[in-house]
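Only this structure's heavy atoms are used, side chains among them; waters, hydrogens and symmetry mates stay out. These figures come from a predicted structure and were not determined experimentally.
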Amino acid sequence: MYHPMDSNFSRPVQALPGVLHLGMIRSILFVMRYRPEHKIETHEKIVKDASRRVRAEGLNGAAVAAVMRDAGLTHGGFYKYFASKDELLIESLKEGFRDIIASLVHAAEQSPPREAWKAIVKAYLRPEMCERPEHGCPLATLGPDLARVDKRMKPQILAELVNYKNRMVPFMPGRRMADKERAFFAIFSTMTGAVEIARMLPDPVRGQVLGTARDFLLRSF
């Protein structure tokens with residue numbers, strides 16, 4: 001038997017004024033799940049994780065599967081954040097240089113201006129810096145690898161090296177800028193070489209290598 005109320009069941013469900021229907025709730029939950037900053041924060045986390053891996057394990061440490069796993073993401077989501085693996089590698093190197101620059105600048109700024117370069121030497125040649133390459137200078141871990149990278153990446157790597165030099169040179173010993181630049185190359189070449197050698201050696205020989213390089217530099221300028 002037909003009843004007038006039966007026709008209501010054939011009509012689309014409409015939200016009552018002031019009441020959220022199921023579709024609206026789902027839309028809101030989807031938006032709330034990922035804040036606008038979420039993608040930026042995830043990108044930064046991937047870069048930081050990759051930077052530590054690269055400094056600890058070499059350029060091959062930036063394997064896509066590994067860095068995405070570290071970030072709690074799937075391999076397939078990589079291209080939502082980076083155009084290529086080379087882009088991730090360059091960004092991880094930039095992060096590594098930012099990290100060491102911040103550490104050395106902090107050490108320098110805690111010292112009198114004429115002693116700033118000595119603070120940098122002492123900070124760079126600390127045993128902790130040698131024993132934890134994931135937090136150390138990219139040059140001490142990746143120097144030979146960076147010299148062999150694809151030529152397309154070399155301009156960007158060179159730009160990072162120039163920036164590194166420019167940030168350190170003001171703290172270097174010397175009266176003229178040319179003197180400070182020569183001191184930078186002498187000091188940093190010695191320090192990176194000392195750390196590379198020390199990492200191959202057991203304690204206490206490792207500490208002796210670092211101490212010898214430190215004492216030599218502090219007496220030389």
*Is it the case that more than 12 heavy atoms not belonging to R199 sit under 6.0 Å from its CZ atom?*
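It does: R199 CZ has more than 12 such atoms within range.
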*Could you tell me whether F221 atom CZ has more than 12 heavy atoms of other residues or ligands within 6.0 Å of it?*
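Result for CZ/F221: enclosed.
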Atom of [X], atom of [Y] and distance for their closest heavy-atom approach:
X: G207; Y: D203; answer: N-OD1, 4.2 Å
X: M68; Y: G77; answer: CE-C, 3.6 Å
X: A194; Y: V209; answer: O-CG1, 3.7 Å
X: E134; Y: A56; answer: CB-CB, 4.0 Å
X: L59; Y: L142; answer: N-CD2, 3.9 Å
X: I46; Y: A71; answer: CG1-CB, 3.8 Å

Does some side-chain heavy atom of [Y] sit less than 4.5 Å from a side-chain heavy atom of [X]?
X: R206; Y: C130; answer: yes
X: D145; Y: R148; answer: yes
X: Y81; Y: I40; answer: no
X: E160; Y: Q156; answer: no
X: E181; Y: R176; answer: no
X: F82; Y: V47; answer: yes
X: V195; Y: Y124; answer: yes

[X] [atom1] to [Y] [atom2] distance, which is reported to the nearest 0.5 Å:
X: L93; Y: R55; atom1: CG; atom2: CZ; value: 9.5 Å
X: E109; Y: I120; atom1: CD; atom2: CD1; value: 9.5 Å
X: L125; Y: M191; atom1: CG; atom2: CE; value: 6.0 Å
X: I100; Y: R167; atom1: CD1; atom2: CZ; value: 12.5 Å
X: L210; Y: K122; atom1: CG; atom2: NZ; value: 15.0 Å
X: L146; Y: I157; atom1: CG; atom2: CD1; value: 5.0 Å

*Determine, step by step, whether D49 and K45 satisfy the salt bridge (charged side-chain N to carboxylate O under 4.0 Å, His left out) criterion, reporting the C-alpha distance in whole Å, the side-chain angles of both residues, the deciding distance to 0.1 Å, and the verdict.*
CA-CA 6 Å; D49 290 343; K45 176 174 171 50; 3.4 Å; yes
Do side-chain atoms of [X] reach the backbone of [Y] as a donor and acceptor pair under 3.5 angstrom?
X: K180; Y: M172; result: yes
X: S51; Y: G96; result: yes
X: T141; Y: P138; result: no
X: S111; Y: A116; result: no
X: S189; Y: A186; result: no
X: K154; Y: A147; result: yes

Same cluster for [X] and [Y] if Ile/Leu/Val/Met/Phe/Trp/Tyr side chains link at under 4.5 Å?
X: L158; Y: I101; value: no
X: V54; Y: M153; value: yes
X: L218; Y: M129; value: yes
X: V162; Y: V169; value: no

_With salt bridge (charged side-chain N to carboxylate O under 4.0 Å, His left out) as the criterion, how do E91 and K94 come out once you've worked through the C-alpha distance, each side chain's angles and the decisive distance to 0.1 Å?_
CA-CA 5 Å; E91 290 202 34; K94 289 181 178 180; over 6 Å; no
*Going by the salt bridge (charged side-chain N to carboxylate O under 4.0 Å, His left out) test, name the single residue among R52, K48, R53 that passes it with D70.*
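Exactly one candidate clears the test, R53.
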*Could you please spell out the steps behind the side-chain contact (heavy atoms from CB on, under 4.5 Å) verdict for F171 and L104?*
CA-CA 10 Å; F171 301 112; L104 297 180; over 6 Å; no
*Check the pair V149 / D86 against side-chain contact (heavy atoms from CB on, under 4.5 Å), numbers first and verdict last.*
CA-CA 10 Å; V149 296; D86 285 352; over 6 Å; no
_Partner of M168 by side chain to side chain contact (heavy atoms under 4.5 Å, CB included), out of I187, V105, N163_ =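 Exactly one candidate clears the test, V105.
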*Do the two ring centres, one from F188 and one from Y164, sit under 6.0 Å apart?*
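Yes, the ring of F188 comes within the 6.0 Å limit of the ring of Y164, centre to centre.
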